[in-house]
Protein chains: 2
Amino acid sequence: MPDNTITDKILGNKNLKITKARKLILETLKGSLPKTASEIFTLVRDKDGELSLSTVYRTCETLSQKGILLKSNLIDDGVARYEYLETEHIHHAICLGCKKIFPIEDCPFGQFDKLMQSKYDFDVKSHRIEIYGYCHDCKQKQKEK
Amino acid sequence: MPDNTITDKILGNKNLKITKARKLILETLKGSLPKTASEIFTLVRDKDGELSLSTVYRTCETLSQKGILLKSNLIDDGVARYEYLETEHIHHAICLGCKKIFPIEDCPFGQFDKLMQSKYDFDVKSHRIEIYGYCHDCKQKQKEK
DNA sequence: TTAGATGCAAATGTTTTGCAGGGCT
DNA sequence: AGCCCTGCAAAACATTTGCATCTAA
């Protein structure tokens with residue numbers, strides 16, 4: 001009676017045990033914006049199961065090291081965030097006003113990796129682009145000041 | 001007898017008092033790679049003056065908010081780093097092996113800001129590109145394993 | 001059965017803050 | 001003089017870790 005969900009496959013392929021904690025965290029993060037450990041903790045609790053905060057930290061760390069999640073500090077507020085690493089390539093725009101994170105589908109990076117290779121002898125594994133500015137809403141508010 | 005160094009001008013232009021702490025920190029950061037608060041603390045101490053660690057934090061925070069420094073968490077090790085925001089546009093490549101940070105002069109970003117504007121109505125103030133991979137040295141070591 | 005996962009509580013390390021004194025303008 | 005800046009020590013947070021218990025393979 002194998003209930004092979006996508007989540008199970010992901011974990012299985014990386015030699016990771018399929019546990020409640022891992023499934024809950026992946027389901028919480030899937031298709032959503034980057035979240036902090038304590039946000040994940042709360043979301044999981046609201047949904048079904050109980051997970052300790054340290055398990056959230058440990059699990060997110062493990063999944064990040066396996067390349068399933070991406071750990072980042074987009075907002076530079078001293079809190080790490082984890083996001084599901086989609087196969088598609090996604091970057092973010094961060095509003096300096098409300099600190100909201102907007103996903104950006106366009107990646108202008110095309111052949112840059114090759115340049116890094118030839119010019120710096122640097123093997124590019126991944127890259128991240130972050131854009132800082134003001135979103136539509138906050139732009140309005142700025143004008144009102 | 002105005003000894004108007006560049007540092008003084010920078011501070012003056014932003015309506016910031018010219019204090020020992022600010023000068024020391026700016027001089028320490030100028031033209032160097034991103035540094036943590038405690039690295040700055042040590043470097044300043046080794047050079048001339050005494051600064052408390054909390055002053056380093058407070059000053060870096062202030063200078064970041066004025067756009068003189070850039071605060072970042074490039075390495076995702078839970079420690080914030082501050083760097084002097086040069087007029088020229090510089091990005092970084094971070095080696096996943098030794099965690100060293102390499103400055104990259106090339107910016108492939110040309111007209112991307114305009115796209116952000118028209119497609120997302122997002123006012124771009126600045127952007128950051130981070131590249132993760134293996135530097136020349138660590139590439140060698142990887143092969144040896 | 002057994003290595004690996006989890007929960008709990010305590011420890012660690014970074015960053016922030018309150019308050020009193022000192023320095024810049 | 002007046003307000004902002006700094007030092008010190010304590011507080012607040014985020015994250016990690018040790019150890020005992022549990023669980024997936």
Side-chain angles (χ1 to χ4, degrees), chain A residues 1-5 7-26 28 34-42 44-45 48-66 68-69 71-82, chain B residues 1-5 7-26 28 34-42 44-45 48-66 68-69 71-82:
Chain A
M1 67 223 78
D3 176 21
N4 274 332
T5 63
T7 307
D8 288 351
K9 279 183 193 156
I10 291 165
L11 293 171
N13 286 341
K14 299 275 183 175
N15 288 319
L16 288 172
K17 286 184 182 173
I18 298 163
T19 67
K20 186 182 58 146
R22 288 171 182 166
K23 287 168 98 164
L24 284 171
I25 290 175
L26 282 181
T28 302
K35 297 199 178 351
T36 67
S38 62
E39 284 168 352
I40 296 169
F41 174 73
T42 306
V44 165
R45 172 156 291 180
D48 343 41
E50 295 289 305
L51 284 189
S52 74
L53 185 55
S54 55
T55 295
V56 174
Y57 274 108
R58 256 187 299 223
T59 303
C60 287
E61 202 55 40
T62 304
L63 296 179
S64 297
Q65 281 174 7
K66 289 286 183 177
I68 298 171
L69 297 182
K71 180 183 183 182
S72 66
N73 275 284
L74 289 187
I75 302 186
D76 284 321
D77 60 355
V79 191
R81 284 173 173 75
Y82 300 89
Chain B
M1 71 225 69
D3 175 21
N4 272 333
T5 64
T7 307
D8 288 350
K9 279 183 195 156
I10 291 165
L11 293 171
N13 285 341
K14 300 275 183 176
N15 288 319
L16 289 172
K17 286 186 184 172
I18 298 163
T19 66
K20 186 182 58 145
R22 288 172 181 165
K23 288 168 100 167
L24 283 172
I25 290 175
L26 282 181
T28 302
K35 297 201 181 346
T36 67
S38 62
E39 284 168 352
I40 296 169
F41 174 74
T42 306
V44 166
R45 172 154 290 180
D48 343 40
E50 295 288 304
L51 284 188
S52 74
L53 184 56
S54 53
T55 295
V56 174
Y57 273 109
R58 254 186 299 220
T59 303
C60 287
E61 202 55 39
T62 304
L63 296 179
S64 297
Q65 282 175 7
K66 289 286 183 176
I68 299 171
L69 298 182
K71 180 182 184 182
S72 66
N73 275 283
L74 289 186
I75 302 186
D76 282 322
D77 60 356
V79 191
R81 284 174 172 75
Y82 300 89

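Please read all numbers here as calculations on a predicted model, not as lab measurements. All chains are named by letter (A, B, ...) in the order of the sequence lines, taking the proteins before the strands, and each is independently numbered beginning at 1.
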For A:Ile68 and A:Leu26: C-alpha separation, side-chain torsions, deciding distance, then whether side-chain contact (heavy atoms from CB on, under 4.5 Å) applies. CA-CA 9 Å; A:Ile68 298 171; A:Leu26 282 181; 3.7 Å; yes
Below 4.0 angstrom from OP1 or OP2 of [N], is there any side-chain N or O of [X]?
X	N	value
A:Tyr57	D:dT15	yes
B:Thr62	D:dC5	no
B:Thr55	D:dG7	yes

Nearest heavy atoms of B:Ala37 and B:Val56, plus distance in Å: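 Closest approach of B:Ala37 to B:Val56, heavy atoms only: O-CG1, 3.5 Å.
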Using the closest heavy atom to pick a nucleotide of DNA chain C for each, name whichever of B:Lys20 or B:Leu53 lands nearer the 5' end.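 Looking at the nearest nucleotide for each, B:Leu53 comes out on the 5' side.
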Would you check, one step at a time, whether the test side-chain contact (heavy atoms from CB on, under 4.5 Å) holds for B:Gln65 with B:Lys71? CA-CA 9 Å; B:Gln65 282 175 7; B:Lys71 180 182 184 182; over 6 Å; no
Rounded distance (Å) that lies between atom [atom2] of [N] and atom [atom1] of [X]:
X	N	atom1	atom2	answer
A:Leu24	C:dA5	CG	P	16 Å
A:Leu16	D:dT23	CG	P	19 Å
A:Ile25	C:dA5	CD1	P	13 Å
A:Glu50	D:dC22	CD	C1'	17 Å
A:Ile18	C:dT6	CD1	C1'	17 Å
B:Lys17	C:dC24	NZ	C1'	5 Å
A:Arg81	D:dC13	CZ	P	16 Å
A:Asp77	D:dT15	CG	P	9 Å

Which listed nucleotide (C:dT16, C:dA5, D:dT6) is nearest to the side chain of A:Arg22?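 Selected nucleotide: C:dA5.
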Checking contacts here: which listed nucleotide (C:dT6, D:dT15, D:dT6) is nearest the side-chain heavy atoms of A:Val79?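 Minimum distance to the A:Val79 side chain belongs to D:dT15.
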Base, sugar-phosphate or nothing for A:Thr36? Non-hydrogen atoms, less than 4.0 Å.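 Since no nucleic acid heavy atom lies under 4.0 Å of A:Thr36, the category is nothing.
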Compare all side-chain heavy atoms of A:Arg45 with those of A:Leu51 and state whether any distance is below 4.5 angstrom.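 Result no, sub-4.5 Å side-chain heavy-atom pair not found.
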Do A:Arg58 and C:dG4 have a side chain to base donor-acceptor pair shorter than 3.5 Å?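 Between C:dG4 and A:Arg58, which were checked side chain against base, a qualifying N/O pair under 3.5 Å is absent.
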Residue met sooner reading DNA chain D from 5', once A:Ser54 and A:Ser38 are mapped to nucleotides: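 The 5'-side residue here is A:Ser38.
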Partner set under salt bridge (Lys or Arg N to Asp or Glu O under 4.0 Å) for B:Glu39, not counting sequence neighbours: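 With sequence neighbours excluded, B:Glu39 shows a salt bridge (Lys or Arg N to Asp or Glu O under 4.0 Å) to no residue whatsoever.
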